[in-house]
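Counting starts at 1 for both ligands and their atoms, following the listed order. Since the model is a prediction, treat every value here as computed from it, not as a measurement.
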Amino acid sequence: MAESCRIVAEVFEGIKKKISPGVSTKEINEFAESYIISRGARPAFKGYRGYPASVCTSINEQVVHGIPSSQKLREGDIISLDIGVFYKGFYGDAAVTLPVGSVSNQAMKLISVTEKALEAGMERAVAGNRLSDISSAIQGCVEAEGFSIVRSFVGHGIGRELHEEPQIPNFGKPGEGPELRPGMTLAIEPMVNEGGWEVVILNDGWTAVTKDRSLSAHFEHTVAITKNGCNILTKL
Ligand code: MF3
Ligand code: CO
């Protein structure tokens, strides 16, 4: 798990330098795909339920699962990048939202609140806690800042499959669901909207956008629950 997740983290290191006005999402996808293959790994999303690319590139009001295209990034956009890798039998999965050039204060706030919500969730991902302690921490963090948490997509267990039990909602009461135990590996992934939580899927069958077309951000890490706390595997 650590090895596949390390490759995911390395792709992000490379991609961050490439994000600037004028770059197309297709170019970002090609960079990631060749890097993953050069490391002897496989892009996990390509072909997954028919998804056509190695990276999900979701711009502005796009929440998740945006498909790379010839569309170029513009100054002031925010872009969510979601990457999965399969290596030596195990999956790694992570996502970040990045500003393109300089963006509005509100967009920066959305990005930082979403990242903080992921951190709050990971802080609760310790042995002895219950699953929904993660969910509840994420929701609390987001709603305290006046943003809303997406409900129709969830985090997930991950390991020999990309999506394993349990599902990890990003909202709910604490103290519910299975007890967290050492050895569990989870992909925790809050998706946060500037406006309402509702999302709709575009006609391409993949791209989720906010129903009110407000901005959306997404952060994700694959973590391992250990005896000594939460080990963030997709962080270098
Ligand atoms: N991080 C997302 C997830 O866990 C990415 C999946 S994209 C897909 O569902 F294309 F593979 F579906
Ligand atoms: Co995921």
When you measure from the heavy atoms of Arg49 to every atom of ligand 1, does any distance fall below 4.0 Å? no
Atom indices of ligand 1, in the order listed, that fall short of 4.0 Å to a heavy atom of His65: 6 (C), 7 (S)
Does one hydrophobic cluster hold both Ile149 and Val199, with members joined at side-chain heavy-atom distances below 4.5 Å? no
Output yes when the distance from some N or O of ligand 1 to some N or O of His163 is under 3.5 Å, and no in every other case. yes
Which protein non-hydrogen atom lies closest to atom 2 (C) of ligand 1, naming both residue and atom, and how far is it? Asp82 OD2, 3.1 Å
Shared hydrophobic cluster, Val209 / Val150 (ILVMFWY, side-chain heavy atoms < 4.5 Å): no
Could Lys109 and Phe147 be counted as a cation-pi pair, given that NZ or CZ must be under 6.0 Å from the ring centre and within 45° of the axis? yes
Surrounding NZ of Lys26 (heavy atoms of other residues, nucleotides or ligands, distance under 6.0 Å), is the total greater than 12? no
Counting only heavy atoms closer than 4.0 Å, does ligand 1 sit against the backbone of Cys56, its side chain, both, or neither? side chain
Here the atoms of ligand 1 under 4.0 Å from any heavy atom belonging to Glu220 are 1 (N)
Is there a path of hydrophobic side-chain contacts, each under 4.5 Å between heavy atoms of I, L, V, M, F, W or Y residues, that connects Leu73 with Val63? no
Counting only protein N, O or S atoms and ignoring waters, those under 2.8 Å from the Co ion (ligand 2) are Asp93 OD2, His156 NE2, Glu189 OE2, Glu220 OE2
Check whether the ring centres of Phe153 and His218 lie less than 6.0 Å apart, and answer yes or no. no
Is Trp206 in polar range of ligand 1, meaning some N or O pair under 3.5 Å apart? no
Suppose I only count heavy atoms of Asp93 and a 4.0 Å limit; which atoms of ligand 1 are within that range? 1 (N), 3 (C), 4 (O)
Heavy-atom closest pair (Thr185 atom, Met1 atom, distance to 0.1 Å) is CB-CE, 3.6 Å
Does a sphere of radius 6.0 Å around CD in Glu75 hold more than 12 heavy atoms from other residues, nucleotides or ligands, not counting ones at 6.0 Å or beyond? yes
Quick one: ring pair (Phe, Tyr, Trp, His ring centres under 6.0 Å) partners of Phe86, sequence neighbours excluded? Tyr91
Looking at Thr210, Thr207, Ile78, which one forms a side chain to side chain contact (heavy atoms under 4.5 Å, CB included) with Glu61? Thr210
I'd like to check whether Glu189 has a polar contact with ligand 1, where a contact means an N/O of the residue lying under 3.5 Å from an N/O of the ligand. yes
How far is atom 10 (F) of ligand 1 from its nearest protein heavy atom, and which residue and atom is that? Tyr51 CG, 3.1 Å
Pairwise distance NZ(Lys16) to CG(Leu98) - rounded to 0.5 angstrom: 6.5 Å
Under 3.5 Å, N or O to N or O, is Tyr48 touching ligand 1 that way? no
